[in-house]
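Here the structure is a predicted model, which means the values were calculated and not measured.
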Amino acid sequence: MMKKNSINKIRNIGIMAHIDAGKTTVTERVLYYTGRSHKIGEVHNGEAVMDWMPDEQERGITITSAVTTCFWKDSEIHIIDTPGHVDFTIEVERSLRVLDGAIGIFCAVGGVEPQSETVWRQADKYCVPKIAFINKLDRIGADFFGTVNMIKERLTANPLIMQLPVGSEENFAGVIDLVKMKQIIWDDDTLGATSTTEDISRDDLDKANEYREKLIETIAEVDDEIMEAYLSESLITDESLLGAIRKATINLKLVPVLCGSALKNKGIQPLLDAIINFLPGPTDIPPIKGLHPDTGELIECPSKDTEPLAALIFKVSMIEGRKLSYVRIYSGKMEAGHDVYNPFRKKKEKLSRILQMHANKKERVEKAGAGSIIGVIGLKESSTGETLCNINHPVLLEKIEYNEPVISVAIEPKTHADQEKLDQVLDKFMAEDPTLKLKEDENTGQKILSGMGELHLEVIISRMQREFHTSVNVGKPQVVYRETIAKESEASAIFDKEIAGHHHFGEVRLKLRPLSRGKGKKIRSEISHETIPEVFIHAIEKGVMESLGNGALMGYPVVDIEAIVTGGSCKEPLASELAYTVCASMACKEALLNGKPFLLEPIMSVEVFVPESFIGDVIGDLNSRGGRIESIEPKTGLQLIKAKIPLCRMFGYSTSLRSATQGRGTFSMQFSHFDRT
């Protein structure tokens with residue numbers, strides 16, 4: 001049965017970081033020390049509780065964000081372990097959308113790595129308060145202070161060092177708590193479950209005093225009461241320090257920095273205390289706002305069970321063929337067997353079951369209140385990013401944004417049996433993952449599956465076979481291009497036809513103008529309502545937009561273009577929306593052909609970490625791929641090369657990099673922009 005906690009005792013937190021920084025390992029320790037797991041699962045053994053999918057266990061990475069609930073010191077913690085690989089950024093984006101706080105985990109050797117930066121910026125976008133945990137201090141080359149500096153410089157954060165490591169690399173034994181001025185040493189014999197709190201050793205005392213002073217100075221800069229006490233040299237109690245740190249963290253003025261080694265079971269219990277002490281509960285953050293679906297009026301949804309229901313579906317999973325929706329309740333409560341209303345689809349849905357989640361294990365509960373993150377079974381039509389509310393108090397919460405796919409493969413079923421299942425299976429995957437898109441090529445009849453990267457599509461194909469026993473042949477990956485025009489052009493079209501006994505007439509003249517990169521699509525009208533009545537302007541816009549969806553060159557979407565309706569004519573009894581939609585589309589197609597259309601291809605931001613001795617070969621390879629090197633930065637024992645490279649030249653790069661660096665080089669890439677190469 002779900003333990004009932006007051007709302008201010010709930011913490012909804014996400015664990016986020018670059019791939020291989022130790023997110024899942026930290027989560028496994030949290031589950032063990034809170035009593036949720038009875039043994040520690042290791043990623044490298046494929047036994048991690050949160051990496052429950054076979055693909056995750058085989059590859060040793062997190063692919064899908066898993067949700068779990070645990071309890072620590074009378075508080076209820078809902079944790080989402082998010083992926084670190086850039087191909088699965090949507091999982092991070094939608095998780096951060098519903099979280100109140102986040103833990104950024106950084107590898108003490110790698111520091112702030114590319115994907116850490118991406119997810120940190122995503123958290124900043126949603127104003128999520130954060131704690132930083134510097135992991136892997138037992139590793140050779142671990143640099144605690146170097147990582148803190150990177151957090152400050154790269155993430156423009158204000159780090160507050162709350163702990164210092166005791167010992168380094170293989171001698172790392174514990175941490176110094178700069179608030180209580182004690183050192184905590186963990187017992188290796190009990191897998192870190194017990195620790196000893198003792199006075200700071202004489203060797204570390206001077207450094208501890210120095211950083212305790214810096215801690216108070218940093219807090220004083222953002223808290224008037226601490227500043228007053230500091231200047232008057234009054235006694236500053238531990239309670240007043242902790243209260244000030246909590247307030248500054250929630251107000252996004254400070255990022256408390258803790259440290260440890262999750263793999264060696266050190267530093268996790270103080271991290272749990274910090275989650276409770278410094279990260280906000282649902283009542284500590286401003287109430288989420290939504291819009292009335294009919295009037296557009298702004299509605300506040302306070303975190304109270306007694307308020308009308310406002311909840312957001314942030315993820316949909318297909319587990320054993322059943323649709324499981326992950327829901328964050330912002331206000332009000334949900335009860336199993338009751339109806340809820342989806343204002344986006346204008347449909348009522350029944351809550352068959354409410355589940356408390358523990359990765360892929362589920363525990364039935366009868367009801368859940370404000371602040372909860374739960375699983376729901378029974379929502380037939382509702383999908384990711386949609387709102388659930390009461391029909392008498394409708395509210396629309398802001399939808400989740402996500403990037404468009406950049407890479408495609410052609411897929412075809414291997415057998416007739418696969419043919420019958422394929423559409424159904426793909427529908428299930430697309431319901432789960434909004435960054436996955438499917439279209440049928442009009443010329444070849446092939447199904448084209450588009451996603452965020454090679455690994456993303458690889459995992460989908462693997463899951464098709466494993467979970468749904470559907471085999472497909474996969475064509476070579478294709479890049480999803482965009483089209484635009486090089487020069488201004490004009491065209492006009494007349495539609496004058498009889499269809500099904502009705503005569504339709506419309507005439508449209510328009511001009512297309514190229515815009516600078518990244519400006520998208522714009523449309524405006526320069527004609528008066530006397531020339532063409534306003535009711536038909538929407539039909540013209542629809543025709544133009546449909547035409548821009550399939551370019552004149554190779555049928556890719558057209559971007560960075562402005563369409564201006566400059567003229568036309570109207571024959572009153574014959575004019576129809578159909579006529580204006582069709583002739584606007586015809587005029588637009590002609591103008592596109594006249595405007596010297598050309599392709600824009602996706603350019604990727606690539607970051608390559610490479611040992612010094614291999615840098616020449618790697619740069620040579622990047623240049624041969626048409627890459628533009630932007631910078632080369634020295635890191636601990638490595639060089640970081642930043643470059644912009646067309647996606648079509650990056651296929652198979654991981655194999656090339658491994659062979660050029662004897663397996664020691666790593667890289668990450670993410671979409672930057674579309675451009676001409």
Side-chain angles (χ1 to χ4, degrees), residues 16-23 26 84 102-124 129-169 171-172 175-179 204 206-222 245 248-249 252-262 266-267 270-271 274 278 607-612 630-642 666 668:
M16 58 183 200
H18 189 86
I19 191 166
D20 221 21
K23 293 178 307 306
V26 168
I103 301 167
I105 296 183
F106 301 94
C107 168
V109 181
V112 177
E113 294 166 287
Q115 183 65 1
S116 329
E117 211 168 325
T118 304
V119 292
W120 195 272
R121 303 264 177 262
Q122 286 173 304
D124 282 343
K130 296 170 282 290
I131 288 175
F133 181 75
I134 297 176
N135 191 26
K136 303 194 178 185
L137 281 165
D138 59 308
R139 292 266 299 273
I140 292 168
D143 182 356
F144 174 74
F145 294 107
T147 306
V148 173
N149 287 335
M150 286 176 84
I151 291 171
K152 192 170 193 169
E153 287 160 19
R154 278 212 180 180
L155 306 177
T156 57
N158 188 6
L160 176 72
I161 296 176
M162 299 203 56
Q163 294 176 346
L164 297 177
V166 176
S168 63
E169 298 181 350
N171 298 320
F172 173 69
V175 301
I176 293 168
D177 182 334
L178 294 174
V179 174
D204 293 326
D206 287 347
K207 185 171 260 191
N209 284 326
E210 177 195 339
Y211 277 90
R212 160 83 177 191
E213 189 70 15
K214 285 183 179 175
L215 172 103
I216 294 170
E217 283 173 12
T218 307
I219 300 166
E221 284 169 14
V222 296
I245 296 167
T249 305
L252 307 177
K253 291 180 178 174
L254 290 176
V255 176
V257 178
L258 293 91
C259 60
S261 165
K266 295 176 170 67
L271 177 62
F278 307 134
E607 299 203 344
V608 188
F609 283 87
V610 56
E612 183 90 51
E630 295 192 320
S631 67
I632 300 170
E633 299 170 16
K635 298 282 163 205
T636 320
L638 296 167
Q639 296 284 336
L640 167 61
I641 305 166
K642 292 186 178 182
T666 59
S668 77

> Using only atom types and a distance under 3.5 Å, with no angle test, would you say the side chain of E169 pairs donor to acceptor with the backbone of G141?
yes
> Rounded to the nearest 0.5 Å, what's the gap from NZ on K136 to CD1 on I105? Could you check?
10.0 Å
> Within the structure provided, determine whether P129 and L252 are in side-chain contact (heavy-atom separation under 4.5 Å).
yes
> Any side-chain heavy atom of L640 within less than 4.5 Å of one from V608?
no
> Side-chain contact test, heavy atoms from C-beta onward, threshold under 4.5 Å: evaluate it for V112 versus W120 and give yes or no.
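No - every pair of side-chain heavy atoms lies 4.5 Å or more apart.
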> Hey, is K642 close enough to E633 for a salt bridge, meaning N to O under 4.0 Å?
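The answer is yes: the pair qualifies as a salt bridge.
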> Going by heavy atoms in the side chains, are V109 and D143 under 4.5 Å from each other?
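Not in contact.
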> For the pair R139 (side chain) and A108 (backbone), establish whether a donor and an acceptor sit closer than 3.5 Å, ignoring hydrogens and angles.
no
> Give the intermediate values and the outcome of side-chain contact (heavy atoms from CB on, under 4.5 Å) for residues V26 and I103.
CA-CA 10 Å; V26 168; I103 301 167; over 6 Å; no
> To check you understand the geometry: which heavy-atom pair defines the closest contact between V257 and P159, and what is its length?
CG2-CB, 3.6 Å
> Taking all non-hydrogen atoms of both residues into account, name the closest pair between S261 and L137 and its distance.
CB-N, 4.3 Å
> So do the side chains of E153 and N149 get within less than 4.5 Å of each other, counting heavy atoms only?
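Yes - at least one pair of side-chain heavy atoms lies under 4.5 Å apart.
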> Show the nearest heavy-atom pair for residues P165 and C259, with the distance to one decimal.
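Where P165 meets C259 most closely, the heavy atoms are N-SG, 4.0 Å.
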> Please check: side-chain N/O of N135 versus main-chain N/O of A262, any donor-acceptor pairing under 3.5 Å?
yes
> Any idea which heavy atoms bring A132 and I151 closest together, and the distance?
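For A132 and I151, the tightest heavy-atom pair comes out as CB-CD1, 4.0 Å.
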> What closest approach, in Å, do P256 and M162 show between heavy atoms, and which atom pair accounts for it?
CB-SD, 3.5 Å
> State, to 0.1 Å, how close K130 and A123 come at their nearest heavy-atom pair, and which atoms those are.
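Smallest interatomic distance, heavy atoms only, reads CD-CB, 3.9 Å.
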> Answer whether the closest heavy-atom distance between the side chains of L164 and V175 falls below 4.5 Å.
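No, side chains not in contact.
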> Can you tell me how far apart OH (Y211) and CD1 (I176) are? Round to the nearest 0.5 Å.
11.5 Å
> How about F106 and F144: are their ring centroids closer than 6.0 Å?
no
> Between L258 and I134, is any pair of side-chain heavy atoms under 4.5 Å apart?
no
> Quick one: CD on Q163 to CG on L178, what's the gap to the nearest 0.5 Å?
8.0 Å
> With a 4.0 Å cut-off, would you call K266 and D138 a salt bridge?
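Salt bridge absent between K266 and D138.
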> Do L215 and I161 come close enough that some side-chain heavy atom pair is under 4.5 Å?
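Contact flag for L215/I161 side chains = no.
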> Do you know which of V255, T249, I219 makes side chain to side chain contact (heavy atoms under 4.5 Å, CB included) with L160?
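So, applying the side chain to side chain contact (heavy atoms under 4.5 Å, CB included) to L160 and each of V255, T249, I219, only I219 qualifies.
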